[in-house]
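Working notes, beginning with the structure itself.
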Amino acid sequence: MKYFLVITALLICFTIKAEEKQIASPDGKIVVTISDKNGQPSYRISYKDTPFINSSSLGLITNIGDFSREMSLEHDVQSNRIDETYTLPNIKQSNVHYVATEGIYRFSQQGKMIYDVIFRVSDRDVAFKYKMYPQKNTLSCIVKEEATSFVLPDGSTTFLCPQSKPMGGFARTSPSYETPYKADDTMGKNGWGEGYTFPCLFRNSDKGWILISETGVDSKYCGSRLLGHENGLYTIGFPQEGEMNGNGTTAPGLALPGETPWRTITLGETLAPIVETTVSFDVVKPLYEASGKYEYGRGSWSWIIGMDGSTKYEEQLRYIDFSAAMGYQSVLVDALWDTQIGYDKVEKLAKYGAEKGVGLYLWYNSNGYWNDAPQSPRGIMDNAIARRKEMKWMQSIGIRGIKVDFFGGDKQVTMQLYEDILADANEYGLLVIFHGCTLPRGWERMYPNFASSEAVLASENLHFSQGSCDNEAFNACLHPFIRNTVGSMDFGGSALNKYYNADNAPRGSRRMTSDVFALATAVLFQSPVQHFALAPNNLTDAPEWAIGFMKEVPTTWDEVRFIDGYPGKYVVMARRHGDKWYVAGVNAQKETVKLKIALPMFMPGDQVRVFTDNEELQGNVKQIKVNKKQELQLAIPCNGGILIVE
């Protein structure tokens, strides 16, 4: 009898014993622990022995099986050291050296190999994805749900952007990632009931910061969101049923073997890893070769000041002349050009622009059956035959790129549309900007002709409402820490008009921020193609120092450094273009922020230009010599800015 009890106890101990593996960053500070305790795949993350992600579930629930439970972590682990360099001129850092530890963790169910969870851990990031295997003769599956979760430590606060419901907003075009953030909020909420758009920022009490996002989304999967629950739990949510007018599945399909996108977690004691991370691009690869060398740069557009009525032939001629006077490379010809200008005159504009060294971007509606947006051209970008015919015409007249607007969701069928537009555009040598759209997820590296996406409450809202103008500084102090950390952001800002109208007269929306603020955001907001909200009248009515700087500011960067700041309050950061550094900052707090900052990028004795605001937001420029300590005292008033340039 005793022998039987001993054997039974041993069997019970064996069945509940969990396999547990660990993987660490190259510097050993980040440790990820992977487990199959109670048959539930899970992971947790610590930084310097401090919990940053508590035990969180892994797994996939598919139409061929529930692979989130009764799973076993195999004993053998394939480990690799990732040491890669790559060059990408259109992101925050042109030359990247990515070093990480990779571990491939195989999970089985009832003795059958089901999937690998592939982890990569660098000194500031954790990325993981699933590789699903065929099951006998089954070579495809539908992923009905991801069990992937993120459990934040108690006391964490949130900086999140709620997902909007489908088929709402202007002409039933939502969701389009254009909802306002709430800063320093408590956990346990779910936005407006539909979760939150990526990326999602959390503060781990006073211990550090965590940014959760995803990358590597293409036509083989859907885009996802984060669903909030009680007790610090956040889970992966697939698209909403009503997106794309109800067409297309919410659950992605996988050919087997097949891989999911990467889930990414960037963490550290300060915001520097968040601001400086390149993980969105580190773990993905180009999906095709660039058809030629793409030219990025600065441009102007009439619509942000003049709206639809400005899309006229004579006004676009004026903006071409304006771009030429600014030394800019392009003009964006916005909605309704097909009816208000016409194809023949667009050809004339393109020819005139070429003579001035100014290329054109043309606006297009994405739809399609998925929204009611009336702006034309419509019914071209959603159809391969019409799209390719149009792109061939654009190539023949030298169009630089396209801006495609009014998408409506994250379903796999929508991701297929983004990819098809990009792939076709590359064949015809066109850069692509998306607007009214989803978050770019590693697309700068995946699609060589991808330029930028909006996916933010961008500059048109400053024209539409005074409330957006009142909150401009608050939002500007969020984007460098959240939205713009993971991908290029087509914001279209840096206005120097005091009022958002063609006469710059006191009516409509009034800009509350200073001219120095406008210059600073040209540096703070990263996109390789920037169509600034400037107007031809700024050549004469803006301060000479302001328009002078806007003539020289670059749009491609070689390096970025976080200096100081707090999301929603203030930010100071530096970008390098070639051997020239630009330090920019803005302040949204009511009180003037006073800082002493280190400037190791400048040598003692260097002469730098410093653009500052007084309390009345009147800007000025002066030359300052960098002291021996390479430090500078700054004072930035509310709605004001700072800019330091060699």
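No experiment lies behind these values; they were computed from the predicted model shown.
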Exercise. Does Tyr418 have its ring centroid less than 6.0 Å away from the ring centroid of Trp443?
Worked result: yes
Problem set entry | Trp262 and Tyr130 aromatic centres sub-6.0 Å | no
Exercise. Under 3.5 Å, is there a donor-acceptor pair linking the side chains of Tyr196 and Asn190?
Worked result: no
Problem set entry | Contact summary for Val121 and Ala24, nearest pair of heavy atoms | CG1-C, 4.1 Å
Problem set entry | Evaluation steps, side chain to side chain contact (heavy atoms under 4.5 Å, CB included), between Gln22 and Val32 | CA-CA 6 Å; Gln22 287 192 332; Val32 182; over 6 Å; no
Exercise. Which is it for Tyr177 and Cys161 under the side chain to side chain contact (heavy atoms under 4.5 Å, CB included) test, yes or no, and what are the steps along the way?
Worked result: CA-CA 8 Å; Tyr177 289 60; Cys161 178; over 6 Å; no
For this session: Output the distance between atom CD1 (Ile45) and atom OH (Tyr47), rounded to the nearest 0.5 Å.
Result: 13.0 Å
Problem set entry | Donor-acceptor pair between Asn371 and Asn367 side chains, under 3.5 angstrom | yes
Problem set entry | Asn204 side chain to Lys207 backbone, donor-acceptor under 3.5 Å | no
Exercise. For Asn449 and Tyr288, does a side-chain donor sit closer than 3.5 Å to a side-chain acceptor?
Worked result: yes
Problem set entry | Non-hydrogen atoms of Tyr98 and Ser122 that approach each other most closely | CE1-CB, 3.9 Å
Problem set entry | Whether Lys189 side chain and His229 backbone form a donor-acceptor pair below 3.5 Å | no
Problem set entry | Any side-chain heavy-atom pair of Lys21 and Leu73 under 4.5 Å | yes
Exercise. Sub-3.5 Å donor-acceptor pair from the side chain of Thr521 to the main-chain atoms of Leu524, do we have one?
Worked result: no
Problem set entry | Distance-only polar pair, side chains of Ser527 and Ser452, donor-acceptor under 3.5 Å | yes
For this session: Please examine the side chains of Lys411 and Cys222, heavy atoms only from C-beta on, and report whether any two atoms are closer than 4.5 Å.
Result: no
For this session: Give a yes or no on whether Asp49 atom CG has more than 12 heavy-atom contacts from other residues, nucleotides or ligands under 6.0 Å away.
Result: no
Exercise. Would you say the ring centroid of Phe128 lies under 6.0 angstrom from that of Tyr43?
Worked result: yes
Exercise. Do the charged groups of Glu419 and Lys220 touch, with an N to O distance under 4.0 Å?
Worked result: no
Exercise. Should the pair Lys165-Glu194 be classified as a salt bridge under the 4.0 Å nitrogen-to-oxygen rule?
Worked result: yes
Exercise. Any luck finding a side-chain donor-acceptor pair between Gln466 and Asp470 under 3.5 Å?
Worked result: yes
For this session: Could you tell me whether the side chains of Trp363 and Asp405 share a donor-acceptor contact shorter than 3.5 Å?
Result: yes
Exercise. Given side chains that start at C-beta, do those of Gln589 and Tyr570 come closer than 4.5 Å, heavy atoms only?
Worked result: yes
Exercise. Does a donor on one side chain sit under 3.5 Å from an acceptor on the other, for Ser57 and Ser149?
Worked result: yes
Exercise. Is Lys129 salt-bridged to Glu214, going by a charged N under 4.0 Å from an acidic O?
Worked result: no
Exercise. So, Thr179 side chain and Pro162 main chain: donor-acceptor pair closer than 3.5 Å or not?
Worked result: yes
Exercise. Hey, are Arg263 and Glu146 close enough for a salt bridge, meaning a charged N less than 4.0 Å from a carboxylate O?
Worked result: yes
Problem set entry | Passing option when Phe434 is tested against Ile402, Asp490, Ile421 for side chain to side chain contact (heavy atoms under 4.5 Å, CB included) | Ile421
For this session: Walk me through it: do Tyr234 and Phe202 pass the test ring pair (Phe, Tyr, Trp, His ring centres under 6.0 Å)?
Result: CA-CA 12 Å; Tyr234 293 85; Phe202 301 87; 5.1 Å; yes
Exercise. Is the backbone of Leu160 close enough, under 3.5 Å, to the side chain of Thr158 for a donor and an acceptor to pair up by distance?
Worked result: no
Exercise. In terms of heavy-atom contacts, does CG of Asn247 have more than 12 from other residues, nucleotides or ligands at under 6.0 Å?
Worked result: yes
Exercise. Between Tyr369 and Asp382, do the side chains contain an N or O donor and an N or O acceptor separated by less than 3.5 Å?
Worked result: no
Exercise. With ring centroids as reference points, do Phe170 and Phe406 lie under 6.0 angstrom apart?
Worked result: yes
For this session: Would you sort out whether Val279 and Val126 count as a side chain to side chain contact (heavy atoms under 4.5 Å, CB included), showing the intermediate values?
Result: CA-CA 9 Å; Val279 69; Val126 175; over 6 Å; no
Problem set entry | Gln412 side chain to Ser219 backbone, donor-acceptor under 3.5 Å | yes
For this session: Would you confirm whether Lys92, through its side chain, and Val275, through its main-chain N or O, come within 3.5 Å as a donor-acceptor pair?
Result: yes
